[in-house]
Colleague: 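Have a look at this one.
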Number of protein chains: 2
Amino acid sequence: MAAYDSTDRAILDRLQTDGRIANVDLAEAVALSPSACLRRVRALEQDGLIAGYRAELDRARLGLDLTVFIELKVGQHSRKTAARIESVLSGIPEVVACHVISGSADFLVEAAVANLAAYERLLIDQILAIPAIVDARSTFAIRTVKTRGPLPLAQLR
Amino acid sequence: MAAYDSTDRAILDRLQTDGRIANVDLAEAVALSPSACLRRVRALEQDGLIAGYRAELDRARLGLDLTVFIELKVGQHSRKTAARIESVLSGIPEVVACHVISGSADFLVEAAVANLAAYERLLIDQILAIPAIVDARSTFAIRTVKTRGPLPLAQLR
DNA sequence: GCAGTCGCGCAATATTCTTGCGCCTGGGCC
DNA sequence: GGCCCAGGCGCAAGAATATTGCGCGACTGC
């Protein structure tokens with residue numbers, strides 16, 4: 001499949017908001033029969049547009065009161081060290097997101113931890129323990145206005 | 001409800017990975033009968049631990065090739081301007097996350113856009129158009145190692 | 001030891017998912 | 001203009017799943 005219409009967009013839009021909506025209700029919301037709707041959803045999954053479904057948990061209620069952004073600098077760059085660093089970082093449960101970035105740092109990591117003590121353990125024992133990481137600069141989220149918001153669909157063709 | 005056990009954790013863990021798993025299968029995965037499992041899930045939803053369910057879309061396939069982090073500085077701070085800025089920022093579809101942060105900037109925004117042209121429009125027409133925003137520093141994600149990863153559950157009591 | 005509470009599994013019912021099928025529509029081609 | 005084909009739809013039936021009431025057993029606190 002290569003072209004998507006406004007119905008597909010409506011489906012994606014709805015599923016981004018409520019990923020567990022019954023197909024019957026989704027169908028009604030986008031003005032299709034359940035069978036046609038389900039076929040569209042399956043096609044979107046097949047195409048990889050829908051990568052999966054996730055339950056969205058509440059950080060505060062989980063006891064994760066601290067969201068921290070950590071910029072990391074790497075000493076000697078090489079394909080090998082980069083791969084190693086990435087695999088270690090993404091294996092840390094507290095690491096919720098991780099990007100290779102432009103600018104003065106090399107990685108931007110988002111971590112969710114319970115408190116400052118947990119943050120310290122994460123930073124010292126896990127992140128700074130990675131060889132080749134020479135610097136870390138942390139920024140704390142004082143308040144989260146929006147997180148994991150829906151992706152825009154306007155550009156979809 | 002106030003105390004959670006390892007079965008609750010297992011349920012949350014599973015639902016974070018596959019938010020649309022059939023209750024029958026979830027029940028089997030956590031070694032419960034379907035009815036008991038469903039009651040647990042409902043309780044977790046009621047408690048707000050499960051905030052909702054979302055379809056996870058693929059940015060690249062949506063045509064969102066650029067993830068940008070934008071640090072914003074605010075000129076004169078006041079409760080009112082802060083509230084205004086937040087509401088405008090979270091209303092922008094491209095803004096996928098937004099935090100009030102510590103450090104030299106005031107806001108950290110994550111935006112998903114199609115390309116540099118779209119980024120420019122977002123920055124100039126939408127973000128810098130907000131009064132009281134005096135500076136913006138953008139960092140581009142060269143590659144995304146991990147995004148919207150599962151939250152850690154180890155600290156849950 | 002006993003009553004109360006909580007959470008479980010079972011089973012029946014309601015709801016939903018899923019798939020085959022025939023129909024309609026629109027585009028390309030004589 | 002008319003024909004043929006492909007794609008997508010709705011309908012309907014059967015399969016699977018969700019949902020709820022109910023009784024039972026285990027643990028708690030007295």
Side-chain angles (χ1 to χ4, degrees), chain A residues 1-58 60-63 150-157, chain B residues 1-58 60-63 150-157:
Chain A
M1 211 209 271
Y4 302 96
D5 61 14
S6 62
T7 302
D8 291 312
R9 237 169 321 213
I11 290 174
L12 293 174
D13 192 40
R14 203 82 185 63
L15 284 179
Q16 264 197 116
T17 302
D18 181 2
R20 231 179 163 169
I21 185 174
N23 181 58
V24 177
D25 300 331
L26 177 60
E28 186 177 10
V30 303
L32 276 183
S33 73
S35 58
C37 182
L38 185 63
R39 277 187 286 256
R40 292 241 192 181
V41 172
R42 291 282 177 271
L44 291 167
E45 290 169 0
Q46 214 68 42
D47 284 6
L49 264 159
I50 297 175
Y53 300 89
R54 316 264 181 269
E56 175 75 27
L57 307 189
D58 185 302
R61 298 210 191 234
L62 281 180
L151 297 177
L153 301 177
Q155 75 295 332
L156 184 63
R157 294 284 159 254
Chain B
M1 212 209 267
Y4 302 97
D5 62 13
S6 63
T7 302
D8 291 312
R9 237 170 319 214
I11 289 174
L12 292 174
D13 191 41
R14 203 81 185 64
L15 284 178
Q16 264 196 117
T17 302
D18 181 2
R20 231 177 164 170
I21 184 176
N23 180 58
V24 176
D25 299 333
L26 177 60
E28 186 178 10
V30 302
L32 276 183
S33 72
S35 58
C37 182
L38 186 62
R39 276 187 286 257
R40 293 242 191 181
V41 172
R42 291 285 176 269
L44 292 167
E45 290 169 0
Q46 213 68 43
D47 284 5
L49 264 159
I50 297 176
Y53 299 89
R54 317 261 180 269
E56 176 76 27
L57 307 189
D58 186 301
R61 299 212 190 229
L62 281 179
L151 297 177
L153 301 177
Q155 76 297 330
L156 185 63
R157 294 283 162 256

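The chains referred to below are lettered A, B, ... by the order of the sequence lines, with proteins before strands, and numbering in each begins at 1.
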Colleague: Take the protein atom CD of A:E28 and the nucleotide atom P of C:dT15, then report the distance between them rounded to whole Å.
Modeller: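 Spelled out: CD on A:E28 to P on C:dT15 is 15 Å.
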
Colleague: I need the CG-P distance between A:L32 and C:dC17, as an integer number of Å.
Modeller: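 My rounded result for the distance is 14 Å.
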
Colleague: Which of these, A:L32, A:V24, A:L26, A:N23, sits in a side chain to side chain contact (heavy atoms under 4.5 Å, CB included) with A:L38?
Modeller: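 With A:L38 as partner, A:L32, A:V24, A:L26, A:N23 yield a single side chain to side chain contact (heavy atoms under 4.5 Å, CB included), made by A:N23.
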
Colleague: Where the side chain of B:Q16 meets the backbone of A:L57, is there a donor-acceptor pair that is under 3.5 Å apart?
Modeller: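 It does not hold such a pair.
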
Colleague: Just the rounded figure in Å: distance from P of C:dT16 to CG of A:D25.
Modeller: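 That distance rounds to 6 Å.
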
Colleague: What's the CG-C1' distance between A:L38 and D:dT17, to the nearest Å?
Modeller: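 Going from CG in A:L38 over to C1' in D:dT17 covers 14 Å.
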
Colleague: Is the backbone N or O of B:E56 less than 3.5 Å from a side-chain atom of A:R54, with the two atoms forming a donor-acceptor pair by type?
Modeller: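 Not at all, since once roles are kept as given, no pair shorter than 3.5 Å links the two residues.
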
Colleague: Where the side chain of A:R40 is concerned, which of D:dA18, D:dC9, C:dA11 is the nearest nucleotide?
Modeller: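 Closest nucleotide to the A:R40 side chain: D:dC9.
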
Colleague: Check the distance between D:dT19's P and B:L26's CG and give it to me in whole angstrom.
Modeller: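 Whole-Å distance recorded here is 12 Å.
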
Colleague: Provide, to the nearest angstrom, the distance between the CG atom belonging to B:D8 and the P atom belonging to C:dG7.
Modeller: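 That distance rounds to 10 Å.
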
Colleague: Of A:R39 and A:V24, whose nearest nucleotide on DNA chain C comes first from the 5' end?
Modeller: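 Looking at DNA chain C, the more 5' nearest nucleotide goes with A:V24.
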
Colleague: The side chain of B:N23 lies closest to which of these nucleotides: D:dT19, D:dG10, C:dG9?
Modeller: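 Among the listed nucleotides, the one closest to the side chain of B:N23 is D:dT19.
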
Colleague: Pick the nucleotide of DNA chain D nearest each of A:A31 and B:P34; which residue has the one closer to the 5' end?
Modeller: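 Closest to the 5' end, via its nearest nucleotide, is A:A31.
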
Colleague: B:I11 CD1 to C:dG7 C1': how many Å, rounded?
Modeller: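 Distance, rounded to whole Å: 12 Å.
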
Colleague: Counting N and O atoms only, with roles assigned by atom type, does the side chain of B:D5 sit under 3.5 Å from a partner on the main chain of B:T7, one being a donor and the other an acceptor?
Modeller: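 Yes: the side chain of B:D5 pairs with the backbone of B:T7.
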
Colleague: Taking only side-chain nitrogens and oxygens of A:R42, does any of them come within less than 4.0 Å of OP1 or OP2 of C:dT18?
Modeller: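 True: A:R42 side-chain N/O within range (under 4.0 Å) of C:dT18 OP1/OP2.
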
Colleague: For DNA chain D, whose closest nucleotide is more 5', that of B:S35 or that of A:D5?
Modeller: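 With B:S35 and A:D5 compared, the 5'-side residue is A:D5.
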
